[in-house]
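Predicted model, so just to flag it, every value in this text is computed and none were measured. Worth knowing before you read on, the calculation uses all heavy atoms, side chains too, and leaves out hydrogens, waters and symmetry mates.
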Amino acid sequence: MYARWLCVCLAALSAVAAEIVDNCKLSSDKVSASEQALLNRLAPLKHRRFETTVKQGADSYTYTFVVCGGVLNGSKSTNEGLVQNRTKDQSITVVGRINDTSIVNGTDWMLLTYKSGEPYDSHCASEPRKAMIMISCNKKTLAEGFMMINEERDKESECFYLFEMDSSVACPPEESHLSVGSILLIVFAVLIAVYIIGGFLYQRFVVGAKGMEQFPNITLWKELGNLVADGCDFVCRSQPRSSETAYRGVGDDQLGEEPEERDDHLLPM
């Protein structure tokens with residue numbers, strides 16, 4: 001019983017530890033609602049891994065970036081969110097950690113910063129490294145185009161690694177506004193639907209009508225349809241309608257006078 005309880009406790013602690021490692025933690029002690037909202041917008045990209053390789057002289061470096069997740073797995077994980085891997089000797093340098101995160105945004109961009117990386121050896125007064133990832137708005141993709149832009153290490157302080165990528169999460173939310181005409185059309189359609197359905201139910205269950213008589217005010221609409229048809233016929237008719245019929249009876253008054261036939265030439269002379 002005790003062993004089972006101990007296993008449950010260890011599993012719970014492991015889950016909590018994994019949750020801490022696999023989530024961004026904002027640097028400020030008092031997290032504002034706006035910062036947390038920006039961090040929540042990264043949820044579709046959480047734990048996604050991106051890589052880019054950069055050549056610097058004879059050396060090449062591969063940078064691996066994970067959104068709010070650890071790059072290294074298992075016991076080697078130390079909250080690293082972005083690491084540098086030197087191809088020559090496979091040495092790994094932690095550039096930024098997810099437990100020291102800050103995030104800001106503009107109209108169509110977000111800037112995610114991982115701080116508390118490994119200290120510089122001789123540059124930037126040996127301060128901790130820092131990774132800045134500029135996420136630009138691109139509605140056509142969830143995430144692509146991760147690349148390194150620059151490493152600023154010639155200053156005395158505030159050095160950084162700058163990266164960029166495109167993602168739709170950085171785009172401002174689209175607000176849909178209905179025009180006055182759209183609202184009027186919707187209201188009109190609703191009124192028509194209420195009139196037809198309500199009138200149908202009244203005619204069927206109260207009046208007891210059957211068939212087409214269930215349609216509300218069927219007589220009125222028939223007369224209106226006839227009037228509309230007559231008006232259209234009057235307006236659109238290009239020539240007066242002929243009163244002659246296709247077939248007429250043949251009477252004596254319609255027969256013309258036939259020329260008189262003479263047979264005098266048949267008599268003997």
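Just one residue in the list Leu162, Leu82, Leu112 forms a side-chain contact (heavy atoms from CB on, under 4.5 Å) with Met132, and that residue is Leu162. When Val94, Ile92, Val95 are each tested for a side-chain contact (heavy atoms from CB on, under 4.5 Å) with Glu118, only one passes: Val94.
Annotation for Leu39 and Ile103: closest pair N-CD1, 4.3 Å, computed over non-hydrogen atoms. Between Val169 and Met110, the shortest heavy-atom distance links the atoms O-SD, 3.7 Å. Here the shortest heavy-atom pairing between Pro44 and Arg48 reads O-CD, 4.1 Å. Taking all atoms of both residues into account, the shortest heavy-atom contact from Thr52 to Met148 is CG2-N, 3.9 Å.
Taking SG from Cys68 and CG from Asn40, the interatomic distance works out to 9.5 Å, rounded to the nearest 0.5 Å. Atoms CD and CG, from Glu164 and Asn150 in turn, are 11.5 Å apart once rounded to the nearest 0.5 Å. Rounding to the nearest 0.5 Å places NE2 of His123 at 11.5 Å from CD of Glu156. Residue Asp166 holds its CG atom at 12.0 Å from CZ of Phe146, rounded to the nearest 0.5 Å. Atoms CD1 and CG, from Ile98 and Asp100 in turn, are 11.0 Å apart once rounded to the nearest 0.5 Å. The CD atom of Glu35 lies 10.5 Å from the CG atom of Asn105; values are rounded to the nearest 0.5 Å.
Checked by atom type, the side-chain pair Arg153/Tyr120 shows no donor-acceptor distance below 3.5 Å. No donor-acceptor contact under 3.5 angstrom links the side chains of Lys25 and Asn79, judged on distance only. No donor-acceptor contact under 3.5 angstrom links the side chains of Tyr61 and Gln84, judged on distance only. Judged purely by distance below 3.5 Å, without hydrogens or angles, the side chains of Asn85 and Thr62 never pair a donor atom with an acceptor atom. Remark: the Tyr195 side chain and the Asn217 side chain contain an N/O donor-acceptor pair separated by less than 3.5 Å. At a cut-off of 3.5 Å, with distance as the only test, no side-chain donor of Ser60 or Thr53 sits close to an acceptor on the other residue.
Residues Leu224 and Leu191 are members of separate hydrophobic clusters, defined by side-chain heavy-atom contacts under 4.5 angstrom among Ile, Leu, Val, Met, Phe, Trp and Tyr. No chain of hydrophobic side-chain contacts below 4.5 Å, direct or via other Ile, Leu, Val, Met, Phe, Trp or Tyr residues, connects Trp221 to Val194. In the hydrophobic cluster analysis, where Ile, Leu, Val, Met, Phe, Trp and Tyr join through side-chain heavy atoms closer than 4.5 angstrom, Leu38 is grouped together with Val31. In this structure, Leu201 is not a member of the same hydrophobic cluster as Val190, with clusters built from ILVMFWY side-chain heavy atoms closer than 4.5 Å. Under the 4.5 Å side-chain heavy-atom criterion for Ile, Leu, Val, Met, Phe, Trp and Tyr, Val67 and Val104 are members of distinct hydrophobic clusters.
Glu223 contributes no side-chain N or O that, together with a main-chain N or O of Leu220, makes up a donor-acceptor pair within less than 3.5 Å. Put simply, the side chain of Asp233 never gets that close to the backbone of Ala229: no donor and acceptor are under 3.5 Å apart. No donor-acceptor pair closer than 3.5 Å links the side chain of Arg97 to the backbone N or O of Gly117. Side-chain atoms of Tyr114 do not come within 3.5 Å of backbone N or O of Ile133 as any donor-acceptor pair. No donor-acceptor pair under 3.5 Å is formed between the side chain of Asp59 and the backbone N or O of Lys55. The backbone N or O of Tyr63 lies less than 3.5 Å from no partner atom in the side chain of Glu51, so there is not a single donor-acceptor pair. With hydrogens and angles ignored, the 3.5 Å screen pairs a side-chain donor or acceptor of Arg129 with a backbone N or O of Pro119. Judged purely by atom type and a 3.5 angstrom limit, Ser167 has no side-chain atom pairing as donor or acceptor with the backbone of Ala170.
The 12-atom threshold is not exceeded at NZ of Lys139, counting heavy atoms of other residues, nucleotides or ligands nearer than 6.0 Å. Residue Leu184 places its CG atom among more than 12 non-hydrogen atoms of other residues, nucleotides or ligands, all under 6.0 Å distant.
The shortest distance between side-chain heavy atoms of Met134 and Phe163 does not fall below 4.5 Å. With a 4.5 Å cut-off on side-chain heavy atoms, Leu142 and Leu45 count as touching. Taking 4.5 Å as the limit, some side-chain heavy atom of Ser27 sits within range of a side-chain heavy atom of Lys115.
Among pairs with a residue in residues 102-157, those fulfilling disulfide bond (SG atoms under 2.5 Å apart) read Cys124-Cys159, Cys137-Cys171, at least two apart in sequence or across chains.
Qualifying side-chain hydrogen bond (donor to acceptor under 3.5 Å, both in side chains) partners for Gln214, counting only residues two or more places apart in sequence or in other chains: Arg204.
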request  = Please assess Tyr202 against Val207 for the test side-chain contact (heavy atoms from CB on, under 4.5 Å), listing each intermediate value before the final yes or no.
outcome  = CA-CA 7 Å; Tyr202 177 82; Val207 180; 3.5 Å; yes
key: Worked verdict on Phe215 versus Phe200 for ring pair (Phe, Tyr, Trp, His ring centres under 6.0 Å)   = CA-CA 5 Å; Phe215 193 88; Phe200 175 84; 8.8 Å; no
request  = Output, in order, the C-alpha distance, side-chain angles, deciding distance and verdict of side-chain contact (heavy atoms from CB on, under 4.5 Å) for Glu144 and Asn138.
outcome  = CA-CA 9 Å; Glu144 66 177 14; Asn138 187 345; 4.2 Å; yes
key: Trace of the side-chain contact (heavy atoms from CB on, under 4.5 Å) decision for Lys130 with Thr113   = CA-CA 7 Å; Lys130 177 172 58 178; Thr113 303; 3.6 Å; yes
